[in-house]
Amino acid sequence: MLAYLIRRLFAAAVMLVVIILVVFGIFFLIPKWAGVDIATSFVGKQADPASVEAVRQKLGLADPVYSQAWEFFKGIFVGRTYSGGGDVTHCAAPCFGYSFRSEQAVWPVLTDRFPVTLGLALGAAVLWLVFGVAAGVLSALKRGSLWDRGAMLVALSGVSLPIYFTGMLALTVVSFKLNLLDAQFVPIGHSFTGWLGGMILPWITLAFLYAAMYARITRATMMEILGEDYIRTARAKGLREQVVIRKHAMRSTMTPILTMLGMDLGALIGGAILTETTFNLPGLGQKVLDAIKNQDLPFILGVTLITSLAVLIANLVVDILYAVIDPRVRLA
(Lines give C-alpha, C1' and ligand atoms only; values in the text may rest on other atoms or scores of the structure.)
Protein backbone atom coordinates (compact mmCIF):
# COMPACT_ATOMS: atom_id res chain seq x y z
CA MET A 1 0.00 0.00 0.00
CA LEU A 2 2.85 2.41 0.84
CA ALA A 3 4.59 1.79 -2.49
CA TYR A 4 1.32 2.37 -4.33
CA LEU A 5 0.76 5.62 -2.42
CA ILE A 6 4.28 6.85 -3.22
CA ARG A 7 3.78 6.10 -6.91
CA ARG A 8 0.50 7.99 -6.99
CA LEU A 9 1.99 10.99 -5.15
CA PHE A 10 4.92 11.11 -7.57
CA ALA A 11 2.57 10.93 -10.56
CA ALA A 12 0.44 13.73 -9.05
CA ALA A 13 3.53 15.93 -8.56
CA VAL A 14 4.60 15.42 -12.18
CA MET A 15 1.08 16.18 -13.38
CA LEU A 16 1.05 19.38 -11.28
CA VAL A 17 4.20 20.60 -13.03
CA VAL A 18 2.66 19.79 -16.42
CA ILE A 19 -0.54 21.64 -15.51
CA ILE A 20 1.37 24.77 -14.46
CA LEU A 21 3.36 24.80 -17.70
CA VAL A 22 0.25 24.23 -19.83
CA VAL A 23 -1.62 27.05 -18.05
CA PHE A 24 1.39 29.33 -18.59
CA GLY A 25 1.35 28.51 -22.29
CA ILE A 26 -2.40 29.11 -22.61
CA PHE A 27 -2.42 32.47 -20.84
CA PHE A 28 0.95 33.93 -21.92
CA LEU A 29 2.23 32.28 -25.10
CA ILE A 30 -0.98 31.80 -27.09
CA PRO A 31 -2.11 35.46 -26.64
CA LYS A 32 1.34 36.59 -27.76
CA TRP A 33 1.17 34.42 -30.88
CA ALA A 34 -2.34 35.76 -31.54
CA GLY A 35 -1.06 39.33 -31.44
CA VAL A 36 -2.58 40.25 -28.06
CA ASP A 37 -0.39 42.50 -25.90
CA ILE A 38 -0.85 41.59 -22.22
CA ALA A 39 0.87 44.81 -21.11
CA THR A 40 -1.69 46.87 -23.05
CA SER A 41 -4.50 44.87 -21.42
CA PHE A 42 -3.05 45.67 -18.00
CA VAL A 43 -2.59 49.41 -18.56
CA GLY A 44 -5.55 50.04 -20.88
CA LYS A 45 -5.82 50.90 -24.54
CA GLN A 46 -5.71 54.66 -23.86
CA ALA A 47 -2.32 54.51 -22.09
CA ASP A 48 0.81 56.06 -23.60
CA PRO A 49 3.57 53.81 -25.00
CA ALA A 50 5.91 54.64 -22.11
CA SER A 51 3.44 53.29 -19.54
CA VAL A 52 2.89 50.13 -21.59
CA GLU A 53 6.63 49.54 -21.87
CA ALA A 54 7.10 50.09 -18.12
CA VAL A 55 4.47 47.45 -17.36
CA ARG A 56 6.03 45.10 -19.91
CA GLN A 57 9.37 45.39 -18.13
CA LYS A 58 7.81 45.05 -14.67
CA LEU A 59 5.88 41.89 -15.57
CA GLY A 60 8.87 40.43 -17.39
CA LEU A 61 6.97 40.14 -20.67
CA ALA A 62 10.05 41.21 -22.62
CA ASP A 63 12.17 38.38 -21.19
CA PRO A 64 12.78 35.10 -23.05
CA VAL A 65 10.03 32.51 -22.82
CA TYR A 66 12.01 30.16 -20.59
CA SER A 67 12.71 33.01 -18.14
CA GLN A 68 9.01 33.96 -18.03
CA ALA A 69 8.03 30.32 -17.45
CA TRP A 70 10.54 29.98 -14.62
CA GLU A 71 9.40 33.18 -12.91
CA PHE A 72 5.77 32.08 -13.23
CA PHE A 73 6.54 28.62 -11.83
CA LYS A 74 8.71 30.01 -9.02
CA GLY A 75 6.10 32.60 -8.09
CA ILE A 76 3.52 29.91 -7.33
CA PHE A 77 5.76 28.15 -4.79
CA VAL A 78 8.07 30.82 -3.30
CA GLY A 79 6.64 34.15 -4.42
CA ARG A 80 7.78 36.69 -6.98
CA THR A 81 9.18 40.21 -7.14
CA TYR A 82 7.99 42.62 -9.84
CA SER A 83 10.39 45.48 -10.59
CA GLY A 84 10.29 48.05 -13.35
CA GLY A 85 9.96 51.78 -13.84
CA GLY A 86 11.46 52.41 -10.40
CA ASP A 87 8.63 50.46 -8.72
CA VAL A 88 9.25 47.21 -6.82
CA THR A 89 6.40 44.95 -5.71
CA HIS A 90 6.71 41.62 -3.90
CA CYS A 91 3.97 39.08 -4.44
CA ALA A 92 3.88 36.40 -1.74
CA ALA A 93 3.47 32.73 -2.65
CA PRO A 94 1.34 31.45 -4.21
CA CYS A 95 1.58 34.38 -6.60
CA PHE A 96 -1.00 34.50 -9.39
CA GLY A 97 -0.30 38.14 -10.20
CA TYR A 98 -2.43 41.25 -9.83
CA SER A 99 -5.81 42.17 -11.26
CA PHE A 100 -5.79 44.17 -14.49
CA ARG A 101 -8.74 46.24 -13.27
CA SER A 102 -8.40 46.71 -9.49
CA GLU A 103 -4.66 45.90 -9.17
CA GLN A 104 -5.51 43.65 -6.21
CA ALA A 105 -3.43 40.55 -5.58
CA VAL A 106 -5.32 37.59 -7.02
CA TRP A 107 -4.60 34.97 -4.35
CA PRO A 108 -6.12 36.79 -1.30
CA VAL A 109 -9.33 37.48 -3.23
CA LEU A 110 -9.60 33.85 -4.33
CA THR A 111 -8.96 32.54 -0.81
CA ASP A 112 -11.79 34.75 0.49
CA ARG A 113 -14.18 33.24 -2.06
CA PHE A 114 -12.90 29.67 -2.06
CA PRO A 115 -14.68 28.56 1.18
CA VAL A 116 -18.06 29.50 -0.32
CA THR A 117 -17.49 27.34 -3.42
CA LEU A 118 -15.97 24.52 -1.36
CA GLY A 119 -18.94 24.52 1.02
CA LEU A 120 -21.35 24.50 -1.93
CA ALA A 121 -19.54 21.60 -3.63
CA LEU A 122 -19.11 19.43 -0.51
CA GLY A 123 -22.67 19.97 0.76
CA ALA A 124 -24.18 19.15 -2.63
CA ALA A 125 -21.86 16.12 -3.01
CA VAL A 126 -23.08 14.63 0.27
CA LEU A 127 -26.70 15.03 -0.82
CA TRP A 128 -26.30 13.63 -4.31
CA LEU A 129 -24.23 10.68 -3.07
CA VAL A 130 -26.70 9.70 -0.36
CA PHE A 131 -29.89 10.11 -2.37
CA GLY A 132 -28.53 9.30 -5.82
CA VAL A 133 -26.78 6.06 -4.86
CA ALA A 134 -29.63 4.95 -2.60
CA ALA A 135 -32.21 5.58 -5.32
CA GLY A 136 -30.09 3.71 -7.86
CA VAL A 137 -29.58 0.68 -5.62
CA LEU A 138 -33.28 0.44 -4.74
CA SER A 139 -34.25 0.79 -8.40
CA ALA A 140 -31.89 -2.04 -9.34
CA LEU A 141 -33.24 -4.29 -6.59
CA LYS A 142 -36.87 -3.44 -7.49
CA ARG A 143 -36.44 -3.48 -11.24
CA GLY A 144 -39.67 -2.78 -13.11
CA SER A 145 -41.56 -1.75 -9.98
CA LEU A 146 -43.47 1.48 -9.45
CA TRP A 147 -40.54 2.81 -7.39
CA ASP A 148 -38.11 2.03 -10.21
CA ARG A 149 -40.18 3.80 -12.82
CA GLY A 150 -40.87 6.80 -10.60
CA ALA A 151 -37.25 7.20 -9.50
CA MET A 152 -35.95 6.99 -13.07
CA LEU A 153 -38.57 9.52 -14.20
CA VAL A 154 -37.39 11.94 -11.52
CA ALA A 155 -33.77 11.20 -12.50
CA LEU A 156 -34.53 11.94 -16.15
CA SER A 157 -36.11 15.23 -15.12
CA GLY A 158 -33.06 16.12 -13.04
CA VAL A 159 -30.68 15.45 -15.92
CA SER A 160 -32.85 17.35 -18.42
CA LEU A 161 -33.70 20.50 -16.45
CA PRO A 162 -30.97 23.19 -16.34
CA ILE A 163 -29.70 24.43 -12.99
CA TYR A 164 -30.88 28.01 -13.47
CA PHE A 165 -34.44 26.76 -14.05
CA THR A 166 -34.57 24.49 -10.99
CA GLY A 167 -32.81 27.15 -8.95
CA MET A 168 -35.27 29.89 -9.85
CA LEU A 169 -38.17 27.47 -9.34
CA ALA A 170 -36.86 26.56 -5.86
CA LEU A 171 -36.41 30.25 -4.99
CA THR A 172 -39.91 31.14 -6.18
CA VAL A 173 -41.74 28.30 -4.44
CA VAL A 174 -39.73 27.66 -1.26
CA SER A 175 -38.42 31.13 -0.47
CA PHE A 176 -40.90 33.61 -1.94
CA LYS A 177 -44.26 31.77 -1.99
CA LEU A 178 -44.02 29.48 1.05
CA ASN A 179 -41.44 31.61 2.90
CA LEU A 180 -39.83 28.48 4.37
CA LEU A 181 -36.20 29.44 3.85
CA ASP A 182 -34.31 32.70 3.57
CA ALA A 183 -32.12 32.36 0.48
CA GLN A 184 -29.89 35.27 1.54
CA PHE A 185 -26.25 34.18 1.89
CA VAL A 186 -24.70 34.73 5.33
CA PRO A 187 -20.98 34.06 5.99
CA ILE A 188 -20.45 31.09 8.26
CA GLY A 189 -18.39 33.22 10.63
CA HIS A 190 -21.34 35.52 11.27
CA SER A 191 -24.02 32.91 11.90
CA PHE A 192 -23.87 29.16 11.34
CA THR A 193 -27.65 28.78 11.24
CA GLY A 194 -27.93 31.73 8.84
CA TRP A 195 -25.23 30.21 6.62
CA LEU A 196 -26.96 26.83 6.71
CA GLY A 197 -30.31 28.35 5.81
CA GLY A 198 -28.80 30.23 2.89
CA MET A 199 -27.01 27.14 1.53
CA ILE A 200 -29.82 24.56 1.68
CA LEU A 201 -31.51 25.63 -1.56
CA PRO A 202 -28.22 25.86 -3.54
CA TRP A 203 -27.24 22.40 -2.21
CA ILE A 204 -30.57 20.89 -3.22
CA THR A 205 -30.55 22.56 -6.64
CA LEU A 206 -27.03 21.42 -7.47
CA ALA A 207 -27.49 17.97 -5.93
CA PHE A 208 -30.70 17.38 -7.92
CA LEU A 209 -28.77 17.44 -11.19
CA TYR A 210 -25.96 15.15 -10.03
CA ALA A 211 -28.14 12.81 -7.95
CA ALA A 212 -30.15 12.08 -11.08
CA MET A 213 -27.00 11.07 -12.99
CA TYR A 214 -25.66 9.01 -10.08
CA ALA A 215 -28.99 7.22 -9.69
CA ARG A 216 -29.00 6.15 -13.33
CA ILE A 217 -25.34 5.03 -13.28
CA THR A 218 -25.78 3.19 -9.97
CA ARG A 219 -28.89 1.39 -11.22
CA ALA A 220 -27.21 0.25 -14.44
CA THR A 221 -24.02 -0.86 -12.67
CA MET A 222 -25.86 -2.66 -9.88
CA MET A 223 -28.09 -4.55 -12.32
CA GLU A 224 -25.04 -5.70 -14.24
CA ILE A 225 -23.20 -6.80 -11.10
CA LEU A 226 -26.19 -8.69 -9.70
CA GLY A 227 -25.97 -10.96 -12.74
CA GLU A 228 -22.30 -11.88 -12.17
CA ASP A 229 -21.22 -15.39 -11.23
CA TYR A 230 -19.73 -14.43 -7.88
CA ILE A 231 -23.07 -12.95 -6.78
CA ARG A 232 -24.87 -16.17 -7.66
CA THR A 233 -22.15 -18.12 -5.82
CA ALA A 234 -22.58 -15.96 -2.71
CA ARG A 235 -26.32 -16.55 -2.76
CA ALA A 236 -25.82 -20.29 -3.34
CA LYS A 237 -23.61 -20.43 -0.24
CA GLY A 238 -26.59 -19.33 1.81
CA LEU A 239 -25.53 -15.76 2.58
CA ARG A 240 -28.30 -13.39 3.52
CA GLU A 241 -29.40 -11.01 0.75
CA GLN A 242 -28.34 -7.99 2.82
CA VAL A 243 -24.82 -9.39 3.12
CA VAL A 244 -24.66 -10.16 -0.60
CA ILE A 245 -25.71 -6.62 -1.49
CA ARG A 246 -23.63 -4.81 1.12
CA LYS A 247 -20.35 -6.75 1.01
CA HIS A 248 -20.25 -8.01 -2.56
CA ALA A 249 -22.44 -6.00 -4.94
CA MET A 250 -21.94 -2.55 -3.38
CA ARG A 251 -18.17 -2.98 -3.26
CA SER A 252 -18.00 -3.33 -7.05
CA THR A 253 -20.65 -0.71 -7.65
CA MET A 254 -18.64 1.97 -5.82
CA THR A 255 -15.78 1.89 -8.35
CA PRO A 256 -17.53 3.85 -11.14
CA ILE A 257 -19.24 6.03 -8.50
CA LEU A 258 -15.86 7.05 -7.10
CA THR A 259 -14.58 7.79 -10.59
CA MET A 260 -17.50 10.12 -11.25
CA LEU A 261 -17.23 11.72 -7.81
CA GLY A 262 -13.56 12.59 -8.29
CA MET A 263 -14.18 14.32 -11.61
CA ASP A 264 -17.43 16.03 -10.61
CA LEU A 265 -16.26 17.32 -7.23
CA GLY A 266 -13.00 18.65 -8.66
CA ALA A 267 -14.72 20.37 -11.55
CA LEU A 268 -17.32 21.93 -9.23
CA ILE A 269 -14.62 23.89 -7.40
CA GLY A 270 -14.29 26.16 -10.39
CA GLY A 271 -17.42 25.37 -12.34
CA ALA A 272 -20.39 26.12 -10.06
CA ILE A 273 -21.02 29.33 -11.99
CA LEU A 274 -24.72 28.88 -12.68
CA THR A 275 -25.62 27.92 -9.12
CA GLU A 276 -23.61 30.76 -7.57
CA THR A 277 -25.06 33.26 -10.02
CA THR A 278 -28.65 32.07 -9.47
CA PHE A 279 -28.39 32.31 -5.67
CA ASN A 280 -25.96 35.26 -5.63
CA LEU A 281 -23.23 33.36 -3.77
CA PRO A 282 -19.86 35.16 -3.56
CA GLY A 283 -17.80 32.17 -4.71
CA LEU A 284 -15.18 31.41 -7.34
CA GLY A 285 -17.73 30.79 -10.06
CA GLN A 286 -19.23 34.26 -9.82
CA LYS A 287 -15.75 35.80 -9.65
CA VAL A 288 -14.50 34.07 -12.78
CA LEU A 289 -17.67 35.13 -14.60
CA ASP A 290 -16.97 38.76 -13.68
CA ALA A 291 -13.33 38.32 -14.72
CA ILE A 292 -14.33 36.98 -18.13
CA LYS A 293 -16.67 39.94 -18.67
CA ASN A 294 -13.90 42.40 -17.72
CA GLN A 295 -11.14 40.43 -19.51
CA ASP A 296 -9.25 40.27 -16.21
CA LEU A 297 -6.65 37.65 -17.17
CA PRO A 298 -4.93 37.04 -13.78
CA PHE A 299 -8.20 36.10 -12.05
CA ILE A 300 -9.13 33.71 -14.87
CA LEU A 301 -5.65 32.19 -14.61
CA GLY A 302 -5.93 31.81 -10.83
CA VAL A 303 -9.31 30.08 -10.95
CA THR A 304 -8.02 27.80 -13.73
CA LEU A 305 -5.06 26.72 -11.61
CA ILE A 306 -7.22 26.18 -8.52
CA THR A 307 -9.72 24.14 -10.52
CA SER A 308 -6.95 22.03 -12.05
CA LEU A 309 -5.41 21.44 -8.63
CA ALA A 310 -8.82 20.47 -7.22
CA VAL A 311 -9.35 17.91 -10.00
CA LEU A 312 -5.84 16.56 -9.42
CA ILE A 313 -6.36 16.19 -5.66
CA ALA A 314 -9.81 14.65 -6.13
CA ASN A 315 -8.43 12.05 -8.54
CA LEU A 316 -5.55 11.29 -6.18
CA VAL A 317 -8.04 10.64 -3.36
CA VAL A 318 -10.10 8.45 -5.69
CA ASP A 319 -7.02 6.41 -6.62
CA ILE A 320 -6.29 5.82 -2.94
CA LEU A 321 -9.89 4.81 -2.28
CA TYR A 322 -9.66 2.41 -5.23
CA ALA A 323 -6.83 0.63 -3.45
CA VAL A 324 -8.86 0.45 -0.24
CA ILE A 325 -11.97 -0.95 -1.94
CA ASP A 326 -10.24 -3.26 -4.43
CA PRO A 327 -6.87 -4.79 -3.36
CA ARG A 328 -6.17 -5.76 -6.98
CA VAL A 329 -5.56 -2.09 -7.81
CA ARG A 330 -2.55 -1.71 -5.52
CA LEU A 331 -1.12 -5.03 -6.65
CA ALA A 332 -1.35 -4.17 -10.36
Side-chain angles (χ1 to χ4, degrees), residues 112-142 145-219 257 260-261 263-290 292-293 310:
D112 287 341
R113 290 175 170 266
F114 181 75
V116 178
T117 302
L118 183 62
L120 173 64
L122 292 180
V126 171
L127 290 180
W128 84 55
L129 271 179
V130 172
F131 291 101
V133 173
V137 170
L138 289 176
S139 295
L141 296 177
K142 300 179 180 296
S145 66
L146 183 61
W147 163 267
D148 181 26
R149 298 179 187 276
M152 289 304 103
L153 179 62
V154 173
L156 182 61
S157 302
V159 173
S160 304
L161 296 175
I163 287 180
Y164 57 83
F165 175 80
T166 55
M168 294 303 296
L169 183 63
L171 277 173
T172 302
V173 175
V174 178
S175 184
F176 300 147
K177 295 292 185 181
L178 302 178
N179 199 25
L180 295 178
L181 290 172
D182 185 5
Q184 185 69 31
F185 174 77
V186 177
I188 191 172
H190 293 177
S191 171
F192 177 76
T193 55
W195 171 81
L196 188 63
M199 294 297 291
I200 288 178
L201 280 183
W203 284 342
I204 294 175
T205 301
L206 190 56
F208 183 52
L209 169 65
Y210 285 91
M213 294 188 293
Y214 277 65
R216 294 175 66 87
I217 294 296
T218 303
R219 178 182 182 271
I257 298 301
M260 292 176 59
L261 180 63
M263 296 300 296
D264 292 337
L265 190 57
L268 269 182
I269 298 301
I273 297 176
L274 289 177
T275 305
E276 292 181 359
T277 303
T278 301
F279 292 95
N280 197 28
L281 299 178
L284 291 179
Q286 194 176 71
K287 183 60 185 178
V288 75
L289 186 62
D290 294 338
I292 292 172
K293 291 179 181 178

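Small disclaimer: the values here were computed from a predicted structure and weren't measured. Basis for what follows: all heavy atoms, side chains included, without hydrogens, waters or symmetry-related copies.
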Which pairs pass side-chain hydrogen bond (donor to acceptor under 3.5 Å, both in side chains) with one or both residues in residues 188-200, sequence neighbours excluded?
Ser191-Thr193
For Asp290, which residues count as a side-chain hydrogen bond (donor to acceptor under 3.5 Å, both in side chains) partner, sequence neighbours excluded?
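Per chain and number, Asp290 pairs via side-chain hydrogen bond (donor to acceptor under 3.5 Å, both in side chains) with no residue.
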Test of understanding: with side-chain hydrogen bond (donor to acceptor under 3.5 Å, both in side chains), list the residues that count as partners of Tyr214, not counting sequence neighbours.
Asp264
Can you measure from [atom1] ([X]) to [atom2] ([Y]) and round to the nearest 0.5 angstrom?
X: Leu122; Y: Thr117; atom1: CG; atom2: OG1; result: 10.5 Å
X: Asn280; Y: Thr275; atom1: CG; atom2: OG1; result: 13.0 Å
X: Ser157; Y: Leu209; atom1: OG; atom2: CG; result: 12.0 Å
X: Leu129; Y: Leu261; atom1: CG; atom2: CG; result: 5.0 Å
X: Phe185; Y: Leu120; atom1: CZ; atom2: CG; result: 10.0 Å
X: Trp128; Y: Met213; atom1: CH2; atom2: CE; result: 8.0 Å

Work out which heavy atom in Ala212 is nearest to a heavy atom in Ala155; give both atom names and the distance.
CB-O, 3.0 Å
Contact summary for Ser139 and Met152, nearest pair of heavy atoms:
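Shortest heavy-atom separation between Ser139 and Met152 comes out as OG-CE, 3.7 Å.
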Side chain to side chain contact (heavy atoms under 4.5 Å, CB included) partners of [X], counting only residues at least two apart:
X: Leu153; value: none
X: Phe208; value: Val154, Thr166
X: Val126; value: Val130
X: Phe131; value: Leu127

Pairwise salt bridge (charged side-chain N to carboxylate O under 4.0 Å, His left out) hits with a residue in residues 147-176, at least two apart
Asp148-Arg219
Applied to residues 184-208, the salt bridge (charged side-chain N to carboxylate O under 4.0 Å, His left out) test, sequence neighbours excluded, yields none
N/O donor to acceptor pairs below 3.5 angstrom from side-chain atoms of residues 174-181, sequence neighbours left out:
unit_1: Ser175; atom_1: OG; unit_2: Leu181; atom_2: O; d: 3.0

When the side chains of residues 198-206 are checked against the rest of the protein, which donor-acceptor pairs come out under 3.5 Å, sequence neighbours left out?
unit_1: Trp203; atom_1: NE1; unit_2: Gly119; atom_2: O; d: 3.0
unit_1: Thr205; atom_1: OG1; unit_2: Leu201; atom_2: O; d: 2.8

